[in-house]
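Keep in mind that what you see is a predicted model, and the values were worked out from it rather than measured.
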Amino acid sequence: MDEQLDAVPEPAEDRGAGLDRRAELSEFLRTRRARLKPEDVGLPDFGRRRRVPGLRREELAQLAGVSVAYYTRLEQGNGNNVSAEVLDSIARALRLSDAEHAHLTHLAKPKQHRKRVAGRTQQVRGALRQLLDTMDGVPAYVVGRRSDVLAWNRMAAALFGDWSELPERERNWARLVFLRPDYRDLFTHWEQKASDVVGYLRLDAGCHPDDPRLSALVGELSVKSEDFRRLWARHDVKEKAYGVKLLRHPLVGELTLSFETFRLVDDGEQSLVTYHAEPGSPSADALRLLASWGADAKTSAPSV
């Protein structure tokens, strides 16, 4: 399984104006290795003091079935010729999730066509906008690249605030969560919401490391938010799927809502996200109250 890696750095122009893919690959592998202990992967720990947390490179290489020199070059960002088989083996050794495995593959074996499409304008189909408008009582929105909010319905505006009042560039979950205090108050478990948003951005960055708009967004948030810098440094990645969010709405109080994410088949970079409450619950009553208030609920929702 061991194979020769090309240690020649990529030309600067190949990395574009975005994030440094080699640095991202290096830090991602290092942080994934650091979170594992020998006992986590069935290796003996002889009690020797470790200078850094986690597995040593030689231990990880042993688990993955590659030489230490090979793995070291890969962790240094020199992954130009790494095979899918080796990446799979390393992903298993590091106990990567599906999202993390995909992120590793994107960093080590980027698709060349990504550079041409990274900056294209995101468009939401008219029929999908119509669907949003017909979803009475269900907060729903479409999210795209870089966590941009592209379209939403009346109930989403009542729940999260009227995004139409914001400049287009500010309709972005990362900017909302990290730069607007009202959103820190809105999410009961703000730290988890913030961590999720950063995980989505990390996954996007792995697919599009040469996207200058994404790089600019990361740079802006890194300057303006200490919390963002802290979470970004973890190199955690996450795919938006489903779950439960606890909210503190200024009009209706505590809400427990389940969310579902539906990736569009015609555009894998856009997803429809919906929220709903358990039937008969206080949260369901609160959503109905928001729906009945309509525009009044929107103007009284979190100030955005």
* Are Leu107 and Leu60 grouped together when hydrophobic residues (ILVMFWY) are joined by side-chain heavy atoms under 4.5 angstrom apart? -> yes

* Presence of salt bridge, Arg263 and Glu239, under 4.0 angstrom -> yes

* Measure the shortest side-chain to side-chain distance between Asp227 and Arg184 over non-hydrogen atoms and say whether it is less than 4.5 angstrom. => yes

* Exercise: do Ser164 and Asp162 side chains pair donor with acceptor under 3.5 Å -> yes

* To do: Using side chain to side chain contact (heavy atoms under 4.5 Å, CB included) as the criterion, list what pairs up with Thr274, not counting sequence neighbours.
  => Met135, Val138, Ala140, Glu260, Phe262, Leu272

* To do: Test Leu246 against His189 for side chain to side chain contact (heavy atoms under 4.5 Å, CB included), laying out the working first.
  => CA-CA 7 Å; Leu246 305 182; His189 300 300; 3.4 Å; yes

* To do: Check the pair Val86, Tyr70 against side chain to side chain contact (heavy atoms under 4.5 Å, CB included), reporting the backbone distance first and the verdict last.
  => CA-CA 10 Å; Val86 169; Tyr70 180 89; 3.6 Å; yes

* **Note: Asp211-Arg213 ion pair, threshold 4.0 Å (strictly below)** => no

* **Asp148 and Gln270, any side-chain heavy atoms less than 4.5 Å apart** => no

* Counting distance only, does the side-chain N/O of Ser222 pair as donor-acceptor with the main-chain N or O of Val218 below 3.5 Å? -> yes

* To do: Look at the side chain of His249 and the backbone N and O of Leu251, then say whether any donor-acceptor pair between them is shorter than 3.5 Å.
  => yes

* His106, Arg145, His103 screened by side-chain hydrogen bond (donor to acceptor under 3.5 Å, both in side chains) with Asp204, the one that passes -> Arg145

* Are any of the side-chain nitrogens in Glu100 or Arg35 under 4.0 Å away from the carboxylate oxygens of its partner? -> yes

* Which pair of non-hydrogen atoms, one from Ala205 and one from Leu214, has the smallest distance, and what is that distance? -> CA-CD2, 3.4 Å

* Could Arg125 and Asp266 be called an ion pair, given the rule that one side-chain N must be under 4.0 Å from one carboxylate O? -> yes

* How are the rings of Tyr275 and Phe259 set to each other: parallel, tilted or perpendicular (split at 30° and 60°)? -> tilted

* Asked: So, do Tyr200 and Val143 sit near enough that their side-chain heavy atoms are less than 4.5 Å apart?
  -> no

* Asked: Going hydrophobic residue to hydrophobic residue with side-chain gaps under 4.5 angstrom, can you get from Trp173 over to Leu264?
  -> no

* Do NZ/NE/NH1/NH2 and the carboxylate oxygens of Glu220 and Lys224 come within less than 4.0 Å? -> yes

* Ser26 side chain to Arg22 backbone, donor-acceptor under 3.5 Å -> no

* Would you say Arg234 and Val198 make side-chain contact, with heavy atoms under 4.5 Å? -> no

* Below 4.5 Å, heavy atoms only, C-beta onward: do Lys238 and Arg202 meet side chain to side chain? -> no

* To do: Show your working on side chain to side chain contact (heavy atoms under 4.5 Å, CB included) between Leu221 and Trp232 and close with a plain yes or no.
  => CA-CA 10 Å; Leu221 294 173; Trp232 186 255; over 6 Å; no

* To do: Kindly check if the number of other-residue, nucleotide or ligand heavy atoms within 6.0 Å of CD (Glu191) is above 12?
  => yes

* To do: Please answer: with hydrophobic residues joined when any side-chain heavy atoms are less than 4.5 Å apart, are Val244 and Leu186 in the same cluster?
  => no

* Kindly work out whether a path of hydrophobic side-chain contacts (I/L/V/M/F/W/Y, heavy atoms less than 4.5 Å apart) joins Leu290 to Leu132. => no

* Does NZ or CZ of Arg171 fall inside the cone over Trp163's six-membered ring, less than 6.0 Å from its centre and within 45° of the axis? -> no

* To do: Scan side-chain atoms only and decide if Gln130 and Asp133 contain a donor-acceptor pair under the 3.5 Å cut-off.
  => no

* Do Trp152 and Phe160 come close enough that some side-chain heavy atom pair is under 4.5 Å? -> no

* Asked: Does atom CD of Glu58 have more than 12 heavy-atom neighbours from other groups under 6.0 Å away?
  -> yes

* To do: Consider only side-chain heavy atoms of I, L, V, M, F, W and Y, link residues closer than 4.5 Å, and tell whether Val82 and Phe28 are in one cluster.
  => yes

* **Student check: side-chain heavy atoms of Leu29 and Leu94 closer than 4.5 Å** => yes

* Lys/Arg N to Asp/Glu carboxylate O, Glu75 vs Arg30, below 4.0 Å -> no

* Charged tip of Lys193 within 45° of Tyr183 ring normal and under 6.0 Å -> no

* pair Leu159-Leu255: side-chain heavy atoms closer than 4.5 Å -> yes

* To do: Please list, chain by chain and in numerical order, all residues satisfying side chain to side chain donor-acceptor pair (under 3.5 Å) with Asp236, sequence neighbours excluded.
  => Arg32

* Salt-bridge present (Arg180, Asp185; N to O < 4.0 Å) -> no

* Tell me, with the steps shown, if Leu25 and Leu104 meet side chain to side chain contact (heavy atoms under 4.5 Å, CB included). => CA-CA 7 Å; Leu25 173 61; Leu104 173 62; 3.7 Å; yes

* **Main-chain N/O of Val68 paired to Thr72 side chain as donor or acceptor, under 3.5 Å** => yes

* To do: Determine the minimum heavy-atom distance between Leu203 and Ala99, stating which atoms define it.
  => CD1-O, 3.5 Å

* Using atom types as modelled and distance alone, determine if a side-chain donor or acceptor of Thr261 lies under 3.5 Å from a backbone N or O of Val273. => no

